[in-house]
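Can you keep this structure in mind? I'll have questions shortly.
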Amino acid sequence: MQKISQFAVAGQILLLLGTHLYFTFRLKFIQRKIPQGIRLSFSDTDHASYTALATALAATIGTGNIIGISTAIAIGGAGAVFWCWITGVLGIATCYGECFLSMKYRKKEKDGRMTGGPMYVLEIGMKKKGLAVLFSVFTILASLGIGSSVQAHSISAAVTEQIGISPHIIGMAAGVLAGKVIIGGSRQIGKVCTWLVPVMSAFYLGGCIFILIKNHTVVPEAVKMIVTSAFVPEAAAGGVVGTTVMAGLRTGISRGLFTNEAGLGSIPMAAATAQNVSTQDQALVSMTGPFWDTVVMCAITGIASVSSMIAHPGNYVGVSGERMCFAVFRELPVWGDEMLSLSLVLFAFATIIGWNVYGECAVRYLFGENGVRIYQVIYMFCVYLGAVITLDVVWGISDIFNFLMAVPNLLCLWGLRRKIEINDRKIKH
């Protein structure tokens with residue numbers, strides 16, 4: 001299982017990075033329109049664009065933005081942060097393309113809701129019903145793994161870090177709270193995400209910004225180390241481990257690809273739900289997701305972490321990669337551990353309700369509305385299960401299904417690349 005998982009991860013890195021590079025050049029560096037996308041996300045009168053973006057961000061901004069960056073620095077050194085940023089920037093172009101196609105080939109349900117995603121692009125745009133079915137199956141399985149079980153385990157680990165309470169109680173509580181939100185449907189999830197995403201992000205980033213202010217004298221040195229060590233072998237200095245350029249490159253790219261989900265096929269499902277928004281405008285709004293997730297969240301986390309390691313190297317002696325983020329937050333004058341644990345809980349819970357949207361979209365495509373309630377029950381059970389079991393196997397299976405999700409999505413992206421438009425004109429091959 002481990003070898004298959006490693007193969008899936010390597011294959012996904014090659015496929016996604018190649019696609020990111022291609023669409024960055026083909027769309028003439030669409031990343032330059034990020035300011036326009038940000039303006040659009042807050043300017044629509046119905047708030048449809050922002051709701052769709054918030055739902056996608058809820059699923060995307062997760063514990064990987066915190067623990068993931070710490071482990072990336074531990075394995076690949078400070079340079080891993082730089083390559084994570086670059087990967088996030090490149091992923092913006094792929095995100096625009098897949099969300100454009102999802103909006104173009106979406107359909108209207110009987111109750112007036114809009115629905116879409118790679119499964120509809122594959123069926124309607126490419127006439128590949130079989131691939132659409134496979135994508136939907138892989139999405140459901142991935143949602144039960146990385147969307148529910150893995151996140152519930154993160155919640156259990158964060159809570160038990162602070163309170164001596166049974167994982168069974170944590171799992172049941174998380175399952176009930178998640179169920180209270182997801183049973184209300186996509187509209188209820190959208191409402192929760194519109195306030196949960198900015199609140200949890202501001203709460204966590206507030207702690208990071210305090211640390212940056214506290215260590216302001218070494219912040220320039222931290223930024224310099226992040227950039228230079230991306231190209232020059234890094235000797236051990238302060239609390240930052242010594243690494244090779246290839247270690248930072250490999251780790252940073254891997255973390256960047258997996259944290260923003262661009263090319264995976266998940267974000268387009270949220271984008272397609274936006275009502276009364278043009279195809280191009282929503283694609284511009286949705287592509288800001290990788291920007292907020294990787295370029296902003298991971299950047300601030302990375303700089304705060306490296307500056308803390310330089311300023312207080314003794315705090316990181318013998319500390320594992322997964323625990324480094326706690327060492328960073330202990331610089332807060334009070335409640336540092338508790339603040340980080342709460343952030344991890346909020347991020348993981350947001351991912352649980354966000355990924356439920358993707359799973360339900362796939363269930364509706366395969367079985368219609370009748371299958372949704374059954375899926376919700378299974379999903380809530382997986383939340384409980386994730387809190388009480390060892391997740392090594394679940395992680396491996398999740399990596400495999402994430403890879404299997406990405407393949408059909410990337411096939412339709414490449415197959416329909418001539419259909420992707422920008423500035424009201426078709427981009428010629």
Side-chain angles (χ1 to χ4, degrees), residues 12-13 16-25 27 29-35 37-38 56-57 60-96 201 204-205 208-209 211-212 215 218-232 234 240-241 243-264 267 286-310 321 324-325 328 347:
Q12 193 170 353
I13 288 174
L16 287 174
L17 188 58
T19 301
H20 292 352
L21 285 166
Y22 174 81
F23 279 98
T24 292
F25 288 104
L27 298 178
F29 202 75
I30 189 71
Q31 291 89 336
R32 70 189 188 281
K33 291 185 174 291
I34 281 291
I38 293 173
L57 284 173
T60 305
I61 296 178
T63 55
N65 295 87
I66 304 174
I67 296 177
I69 293 300
S70 294
T71 53
I73 295 171
I75 297 170
V81 179
F82 175 85
W83 293 115
C84 183
W85 296 342
I86 295 300
T87 305
V89 171
L90 295 176
I92 290 170
T94 298
C95 187
Y96 176 89
S201 299
Y204 168 71
L205 290 176
C208 289
I209 291 171
I211 293 166
L212 288 172
N215 298 323
V218 298
V219 167
E221 183 182 348
V223 174
K224 181 181 178 181
M225 177 177 285
I226 287 170
V227 176
T228 56
S229 60
F231 303 96
V232 179
E234 177 185 335
V240 185
V241 295
T243 58
T244 65
V245 172
M246 285 306 299
L249 180 70
R250 183 176 61 253
T251 308
I253 289 175
S254 175
R255 185 59 56 198
L257 288 173
F258 295 131
T259 189
N260 65 58
E261 297 185 12
L264 189 63
I267 299 175
S286 294
M287 78 177 190
T288 64
F291 171 80
W292 291 120
D293 177 84
T294 311
V295 181
V296 175
M297 293 289 289
C298 291
I300 293 177
T301 299
I303 297 172
S305 299
V306 175
S307 66
S308 175
M309 292 172 192
I310 294 172
M324 280 169 56
C325 52
V328 174
F347 280 32

Contact summary for L27 and R32, nearest pair of heavy atoms:
O-NH1, 3.9 Å
With no hydrogens and no angle check, is any side-chain donor or acceptor of S307 less than 3.5 Å from a backbone partner on A304?
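Here the side-chain-to-backbone pair exists.
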Counting C-beta onward and ignoring hydrogens, is there a side-chain heavy-atom pair between I303 and L212 closer than 4.5 Å?
yes
Minimum heavy-atom separation for T94 to A262, with atom names?
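Looking at all heavy atoms of both residues, the shortest contact is CG2-C, 4.4 Å.
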Euclidean distance, M324 CE relative to I66 CD1, rounded to 0.5 Å:
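Result: 14.0 Å between the selected atoms.
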I need the I300 CD1 to I211 CD1 distance, nearest 0.5 Å.
11.5 Å
V81 vs C298 side-chain heavy atoms within contact, under 4.5 Å:
no
Below 4.5 Å, heavy atoms only, C-beta onward: do W292 and I38 meet side chain to side chain?
yes
Can you give me the closest heavy-atom contact between Q31 and V89, atom names plus distance?
NE2-O, 2.8 Å
Within-4.5 Å side-chain heavy-atom neighbours: H20 and L16:
yes
Mind listing the closest non-hydrogen atom pair of W85 and V295 along with its distance?
O-CG2, 4.3 Å
To the nearest 0.5 Å, tell me how far S201 OG sits from I61 CD1.
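Those atoms lie 4.0 Å apart.
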Decide yes or no for F23 and I30: does some side-chain heavy atom of the first lie under 4.5 Å from some side-chain heavy atom of the second?
no
Calculate, to the nearest 0.5 Å, the distance between atoms CZ and OG1 belonging to F82 and T87 respectively.
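The OG1 atom of T87 is 9.5 Å from CZ of F82, to the nearest 0.5 Å.
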Which pair of heavy atoms, one from I310 and one from A222, lies closest together, and at what distance?
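Closest approach of I310 to A222, heavy atoms only: CD1-CA, 3.8 Å.
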How far does CZ of F25 sit from CG of L90, to the nearest 0.5 angstrom?
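Rounded to the nearest 0.5 Å, the CZ-CG separation comes to 8.0 Å.
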For the residue pair V306 and I73, establish whether any side-chain heavy-atom pair is separated by less than 4.5 Å.
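When only atoms from C-beta onward are counted, I73 and V306 do touch, with a gap below 4.5 Å.
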Taking all heavy atoms of C84 and all of T294, pick out the closest pair and write down the distance.
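Here C84 and T294 meet closest at O-CG2, 3.1 Å.
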